[in-house]
> 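The structure is given below, and queries will be raised subsequently.
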4 protein chains.
Amino acid sequence: MEKQTNRSPGRPPHYKDKQPTDELILFNASQLFLENSYQDVSMDDVAKACNVTKASVYYYYKTKSELYTETMIRLMYRIQNMTLQLLNEDKPFRTRLLNVAEAYLKVSVDLDTERFIHNAKNMLSKEQLTAIQKAEEAMYTSMEEFFQEATDQGIISPINPAFAVHGYISLLNTGNYKNADKQTIFSSPQEAAKQIVDFFWKGLTKDIQDPQN
Amino acid sequence: MEKQTNRSPGRPPHYKDKQPTDELILFNASQLFLENSYQDVSMDDVAKACNVTKASVYYYYKTKSELYTETMIRLMYRIQNMTLQLLNEDKPFRTRLLNVAEAYLKVSVDLDTERFIHNAKNMLSKEQLTAIQKAEEAMYTSMEEFFQEATDQGIISPINPAFAVHGYISLLNTGNYKNADKQTIFSSPQEAAKQIVDFFWKGLTKDIQDPQN
Amino acid sequence: MEKQTNRSPGRPPHYKDKQPTDELILFNASQLFLENSYQDVSMDDVAKACNVTKASVYYYYKTKSELYTETMIRLMYRIQNMTLQLLNEDKPFRTRLLNVAEAYLKVSVDLDTERFIHNAKNMLSKEQLTAIQKAEEAMYTSMEEFFQEATDQGIISPINPAFAVHGYISLLNTGNYKNADKQTIFSSPQEAAKQIVDFFWKGLTKDIQDPQN
Amino acid sequence: MEKQTNRSPGRPPHYKDKQPTDELILFNASQLFLENSYQDVSMDDVAKACNVTKASVYYYYKTKSELYTETMIRLMYRIQNMTLQLLNEDKPFRTRLLNVAEAYLKVSVDLDTERFIHNAKNMLSKEQLTAIQKAEEAMYTSMEEFFQEATDQGIISPINPAFAVHGYISLLNTGNYKNADKQTIFSSPQEAAKQIVDFFWKGLTKDIQDPQN
DNA sequence: TATGAATGAGGGTTCATTCAT
DNA sequence: TATGAATGAACCCTCATTCAT
């Protein structure tokens, strides 16, 4: 992967994958923080993953907690974007929920945003903590309107939209559970998504006569 | 946070009613580990919380990870016992679920067992990790039979019992969510319990004609 | 091994191997200190080897350095006794040297008294250090007279007796050398003893016409 | 022994003639390990001797045992070089042996390589132990050929060269012996060298008619 | 005589962070 | 922009030693 041969002369094209260093760092930090706790990831780990030195990481991010904060906010936005995109499609609400569920479960990392916050809370400044929480909140809030809309349209029963969203996400996390033998509850992410949304939908619609759903 | 520990070495005089030190340590460690991540709690913190020296903690627990393991296993058992006790009462299933929910939410600490495991996984030996996971699993499994029973009695629709339990618990955790302004979704633990079980119950019984519920 | 059956009535015979605890400790400490450095042997190690508690060890020996000192002095005496006994036999001097060499090499632990001292010197009080050194010195000195006697009898050339003894012992230690592959210089302790004494004897007698040796 | 180390962090200004830090550490560690046992030298001691912080020592040497290993290997090489240089001079073999002896004894620290190994053996990894032993072995082996050569030339009697070398070195160590009153066997290093080589030579040549030696 | 429980001091190691270049 | 070299603070853990029983 290191040697490119047969390069034609002239200015090399601008390689898309040659990310600016700060993005590179953010990307690798993401990976690491997703899989390990705040404390388990050292700045050296990040640097090594990026093939740069620790000092370089510090050149772009003043402190570890700042790097973490940025990483987390980005993560929240990414989840939010991915989710909103699917929720904005022109399909029945239930189908859209299923699509989100599948996307969410196929990532296969635990997107437990609460854990990300709880983990690091002692190391973050008040501002940093708040910044992450706001991003998380925005993510949740942005999803609420879809439930509100569905309620308004009589598709689902009236429900506290915040609860709907949080309940939805937390139910999704059961799809990632692994027991001591690394076995999951469901046979596949798709199956998990299906069953979870099935169940969730029942809760949403129990009091509704829904001949079409 | 600096406690003066000018006790001289050697066996302390025996006070009748004093809690045995190992239990004292376990108790305080519990508190600390519940509120902070594995890495954020130092053995010194534990020692100080107990008013003993670090060396004393090590007298009873060979390593930090061993202390953590014991703490977690105990925690799982406590949750399990509390839950089973409530689930074994002679009341309608739904009422029992509500009681568990209320008990669970009144503790007000996040009993997110997955987090406890994920957090420390890099610091635990394979055996320790498994031991904790087994305890967690036992906790979940012991609850499954109640859902099975309810299904058999036609009280709830057929459902994967493992999913039922995990979904139940994860829904409960939404009751502890606090946003950046420290506001919860529900106005009180009781209200949270009520709403959550309400919703959960709908999911369980959507396909049932239940004139009495 | 714990249950003795069929014991005949009456006072049990005084088991020879039921050593008084202090001797038991000394014995086990000996073993440990012979094979490991002062620092590598903890008081707990000693206690465990004796099947008693650390506190019991302290009951008999005020400090670790005191235990070490006693152990070392005993060791020096044991070597001295063993050696003197063999040197006092009614055999040709060279034979007696050979016997000592064989005895010495068959123990197979490195009896490097200098190492024992050097190792622990920072942990011993001046008195303790001196005590051990005196015992070592006595051991060496007691052997010197035999070389003196041999010189007087014209069996060996005149030689500084202290040098003779130290040279003898240090040559013996080459018999215990093991390289990285755990191979020794000689094929067996006996062979080692033979070769070493052979060589040593040449040095002692080069200037002597010795028809009989 | 408390040195004020109020240097601020970060890269220090570059002084031209300054010894590189890693060499500085190795040098000081050498001194310390030569005079004290592995366990008696703490990483802090090394750091203080170098006027740097412990963390700096760890910047260059990952563990204490690694530092020790490097130190020892270097030491073996230094001894080997010094020795080989003297043994390669164009002088009678006996003279060369004498020169080595004098050099060896003038250092006045006990170059007891076996002790260095025995001392630390419990703290070293298998690889580290072997590495040191290999260096020691190389040192010994490199000297053997000189004895072989002398044998081939009929200057000394046939002898196991490994034994010759080890015997030679171990005899030299008697020159460093100090009794409880810090008295040596010989009046000076030169005298020691002379007497020891004298004796050693007799052993080597007993069976040789050597009118010129 | 023997022990369980406790301490204090220190040692090895890691890590976020800094600064001259 | 990027880095090599350094620090200070903390952390886990061990161990000789002590004392009430």
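Residue numbers begin at 1 in each chain, while the letters A, B, ... track the order of the sequences. Please read all numbers here as calculations on a predicted model, not as lab measurements.
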> Would you please name every residue forming a salt bridge (charged side-chain N to carboxylate O under 4.0 Å, His left out) with C:Asp110, sequence neighbours left out?
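Residues passing salt bridge (charged side-chain N to carboxylate O under 4.0 Å, His left out) with C:Asp110: C:Arg115.
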
> Tell me whether the OP1 or OP2 atom of E:dA6 has a side-chain N or O from B:Tyr59 closer than 4.0 Å.
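The answer is no; no side-chain N or O of B:Tyr59 sits under 4.0 Å from OP1 or OP2.
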
> Tell me every residue that passes salt bridge (charged side-chain N to carboxylate O under 4.0 Å, His left out) with A:Asp40, counting only those two or more places apart in sequence or in another chain.
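Residues passing salt bridge (charged side-chain N to carboxylate O under 4.0 Å, His left out) with A:Asp40: none at all.
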
> Does F:dT3 have OP1 or OP2 under 4.0 Å away from a side-chain N or O of A:Thr53?
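For A:Thr53, the contact criterion (side-chain N or O under 4.0 Å from OP1 or OP2 of F:dT3) is met.
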
> Give a yes or no on whether D:Tyr60 atom OH has more than 12 heavy-atom contacts from other residues, nucleotides or ligands under 6.0 Å away.
yes

> When you measure from the side chain of D:Asp45 to the backbone of D:Val41, do you find a donor-acceptor pair of N or O atoms at a distance under 3.5 Å?
no

> Please enumerate all residues that pass salt bridge (charged side-chain N to carboxylate O under 4.0 Å, His left out) together with A:Asp22, with sequence neighbours excluded.
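Salt bridge (charged side-chain N to carboxylate O under 4.0 Å, His left out) list for A:Asp22, sorted by chain: empty.
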
> For C:Tyr60 and E:dA2, is the shortest distance between a side-chain N/O and OP1 or OP2 below 4.0 Å?
yes

> Rounded to the nearest 0.5 Å, what separates atom OG1 in D:Thr69 from atom NZ in D:Lys64?
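One gets 11.5 Å once the value is rounded to the nearest 0.5 Å.
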
> For nucleotides 10-16 of chain F, read 5' to 3', which letter fits each nucleotide if B means a protein heavy atom sits under 4.0 Å from the base, S means only the sugar-phosphate is that close, and - means neither?
-SBBBBB

> Using a 3.5 Å limit for the pairing distances, which stems of at least 3 consecutive Watson-Crick or G-U wobble pairs does DNA chain F take part in?
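Stems found: E:2-21 with F:2-21.
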
> Using the salt bridge (charged side-chain N to carboxylate O under 4.0 Å, His left out) criterion, which residues pair with D:Lys62? Sequence neighbours excluded.
D:Glu66

> Expressed as a whole number of angstroms, how long is the span from A:Tyr61:OH to E:dA16:P?
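Between P of E:dA16 and OH of A:Tyr61: 16 Å.
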
> Taking atom C1' of F:dA2 as reference, at what distance in whole Å does atom CG of A:Asn51 sit?
14 Å

> Take the protein atom CD of A:Glu66 and the nucleotide atom P of E:dA16, then report the distance between them rounded to whole Å.
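In whole Å, E:dA16 P lies 15 Å from A:Glu66 CD.
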
> Would you say the side-chain atoms of D:Tyr68 pair up with the backbone N or O of D:Phe116, donor to acceptor, closer than 3.5 Å?
yes

> Are the side chain of D:Gln128 and the backbone of D:Ser125 linked by a donor-acceptor contact shorter than 3.5 Å?
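Answer holds: yes.
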
> Using whole Å, what does the distance between atom P of nucleotide E:dT3 and atom NZ of C:Lys48 come to?
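Going from C:Lys48 (NZ) to E:dT3 (P), I get 14 Å.
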
> Can you check whether A:Thr21 has a side-chain N or O nearer than 4.0 Å to OP1 or OP2 of F:dA2?
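Yes, because at least one side-chain N or O of A:Thr21 sits under 4.0 Å from OP1 or OP2 of F:dA2.
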
> Let me know the distance between CG of D:Leu24 and C1' of F:dA5, rounded to the nearest Å.
14 Å

